[in-house]
Engineer: 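Here's a structure for you.
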Amino acid sequence: MDIIYSVSELRERLRREPDNVFVPTMGNLHDGHIDLIRVAKPRGSCTVVSIFVNRLQFGPREDYERYPRTLETDCARLKQAGVDVVFAPDEREIYPEPQTYVVEPSDLQHILEGAHRPGHFRGVATVVLKLFNLVMPHSAIFGKKDYQQYLVLRDMVRQLALPIEIIPADTVRAPDGLALSSRNAYLSPDERREAPRLYQVLRESQDDIAGGARDFQRIELNGMSKLADEGWKPDYVAVRRQADLQPPEPGDSALVVLAAARLGRTRLIDNIEVTAPH
Ligand code: PAF
């Protein structure tokens with residue numbers, strides 16, 4: 001496995017590799033990331049993973065500074081997972097000058113996560129386009145845990161006609177249901193015991209919808225109050241269409257329930273897909 005820090009070395013190394021599959025990450029890797037690599041490996045002869053904590057996608061009051069940087073242990077895990085190339089640039093390598101040209105995603109960037117994290121998806125789309133231009137993969141893997149991010153990037157690739165297939169990967173969960181996330185490390189032992197409630201609430205909403213309930217507003221309010229009753233500060237519980245995250249119209253059946261809520265100082269997000277009966 002090659003660990004590469006500079007853009008010039010990366011370009012040189014990948015010149016010989018036309019069959020790249022790419023897994024972009026911000027490091028602090030957990031089993032969910034390793035699963036993305038499992039999805040990536042059979043799709044090409046060279047699996048490339050980037051590790052870069054992208055300042056552009058963090059708000060001024062978010063955790064950019066305290067986001068864990070664990071390059072050594074990350075690389076050990078990636079080597080074991082059979083990754084071919086790790087690209088771990090520092091900030092000057094990716095942003096040698098202020099990034100004044102940016103990718104402005106569609107209206108999708110202003111709803112749900114975007115409404116609570118202004119500029120977040122602009123930052124994600126900009127760095128991912130830049131990484132795509134450096135790695136030049138034919139496929140890239142994104143976890144459905146960040147459902148809205150996956151849709152933003154899928155639409156970016158389609159609208160800008162990038163020759164890259166965006167492949168979604170299922171969310172990996174702890175045995176108690178909590179979706180794996182680097183931010184779980186911020187939870188205290190008590191919060192960690194409470195954290196699976198977010199998924200329980202989503203499962204209950206899923207059961208209601210699969211059972212024929214169509215009063216989505218009531219489902220959303222129920223979910224929010226179940227969380228608030230246990231001390232969470234929910235930002236949203238929302239039933240949306242899988243295709244574009246808009247509120248469902250009569251007859252829509254491919255839905256997703258998304259939630260974001262703060263537990264103590266940690267903000268967790270999760271979602272669950274559901275097919276509503278006709
Ligand atoms: O999902 C992430 O870890 C990040 O948003 C990504 C896609 C690596 C861009 O910085």
Side-chain angles (χ1 to χ4, degrees), residues 4 7 10 20-37 39-40 47-59 62-71 73-75 77-78 81 83 85-91 93-95 99 102-105 108-109 112-114 116-135 137 139-157 160 162 164-172 179-186 258 260 266-271:
I4 293 176
V7 166
L10 181 77
N20 288 335
V21 184
F22 182 37
V23 181
T25 81
M26 297 204 300
N28 193 25
L29 303 180
H30 50 67
D31 288 350
H33 294 107
I34 302 305
D35 198 59
L36 301 181
I37 290 153
V39 173
T47 304
V48 182
V49 174
S50 63
I51 296 179
F52 179 65
V53 185
N54 173 37
R55 187 191 293 272
L56 243 53
Q57 69 189 74
F58 288 77
E62 292 185 354
D63 55 348
Y64 174 76
E65 298 298 342
R66 72 170 177 144
Y67 199 89
R69 273 90 168 159
T70 52
L71 185 61
T73 43
D74 289 348
C75 285
R77 293 202 71 175
L78 293 175
V83 165
V85 176
V86 175
F87 178 46
D90 68 14
E91 216 181 355
E93 208 53 37
I94 296 294
Y95 300 124
Q99 187 71 30
V102 295
V103 179
E104 202 63 64
L108 200 50
Q109 71 168 317
L112 301 168
E113 276 308 277
H116 292 273
R117 306 183 67 187
H120 171 68
F121 290 116
R122 183 193 308 126
V124 170
T126 301
V127 80
V128 169
L129 178 61
K130 197 157 189 174
L131 291 168
F132 282 172
N133 284 333
L134 298 174
V135 175
S139 308
I141 321 292
F142 292 92
K144 281 201 278 186
K145 152 112 183 352
D146 295 305
Y147 206 88
Q148 193 171 358
Q149 167 173 284
Y150 153 59
L151 292 191
V152 165
L153 297 172
R154 182 202 63 182
D155 291 0
M156 174 181 85
V157 161
L160 298 179
L162 304 181
I164 298 170
E165 187 185 356
I166 299 293
I167 297 159
D170 287 337
T171 301
V172 178
L180 299 193
S181 160
S182 303
R183 293 193 167 98
N184 294 351
Y186 301 152
L258 307 106
T266 309
R267 189 170 180 279
L268 298 178
I269 64 170
D270 202 352
N271 65 80

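If you read the sequence from its start, that first residue is 1, and numbering goes on from there. Indexing begins at 1, ligand by ligand and atom by atom, following the structure's order.
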Engineer: Tell me whether the rings of His30 and His33 are parallel (<30°), tilted (30 to 60°) or perpendicular (>60°).
Structural biologist: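 Geometry flag for His33 against His30: tilted rings.
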Engineer: For Gln149, is at least one N or O under 3.5 Å away from an N or O on ligand 1?
Structural biologist: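 Yes, at least one N or O pair falls under 3.5 Å.
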Engineer: Atoms of ligand 1 less than 4.0 Å from Val127 heavy atoms?
Structural biologist: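 That gives atoms 9 (C), 10 (O) of ligand 1.
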Engineer: Find the distance between CZ (Arg154) and CG (Leu108) and round it off to the nearest 0.5 Å.
Structural biologist: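 Taking CZ in Arg154 and CG in Leu108, the distance rounds to 8.5 Å.
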Engineer: Just by distance, no angles: are the side chains of Tyr67 and Asn54 close enough, under 3.5 Å, to form a donor-acceptor pair?
Structural biologist: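 No - no donor-acceptor pair under 3.5 Å links their side chains.
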Engineer: So if I count the atoms of ligand 1 from 1 in the order they appear, which ones are less than 4.0 Å from some heavy atom of Gln57?
Structural biologist: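 Once the distances to Gln57 are compared, the set is 4 (C), 5 (O), 9 (C), 10 (O).
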Engineer: Which of the atoms of ligand 1 are close to Pro24, meaning less than 4.0 Å from one of its heavy atoms?
Structural biologist: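 Counting atoms of ligand 1 from 1, those under 4.0 Å from Pro24 are 8 (C).
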Engineer: For a side-chain contact (heavy atoms from CB on, under 4.5 Å) with Leu71, tell me which candidate from Leu29, Ile51, Asn28 qualifies.
Structural biologist: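 The option that passes is Ile51.
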Engineer: To the closest 0.5 Å, what do you measure between CD1 (Ile166) and OH (Tyr150)?
Structural biologist: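 So the gap between those two atoms works out to 8.5 Å.
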Engineer: Under 3.5 Å between some N or O of ligand 1 and some N or O of Thr25?
Structural biologist: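 Looking only at distances, the answer is no, because the N/O contact criterion of under 3.5 Å is not met.
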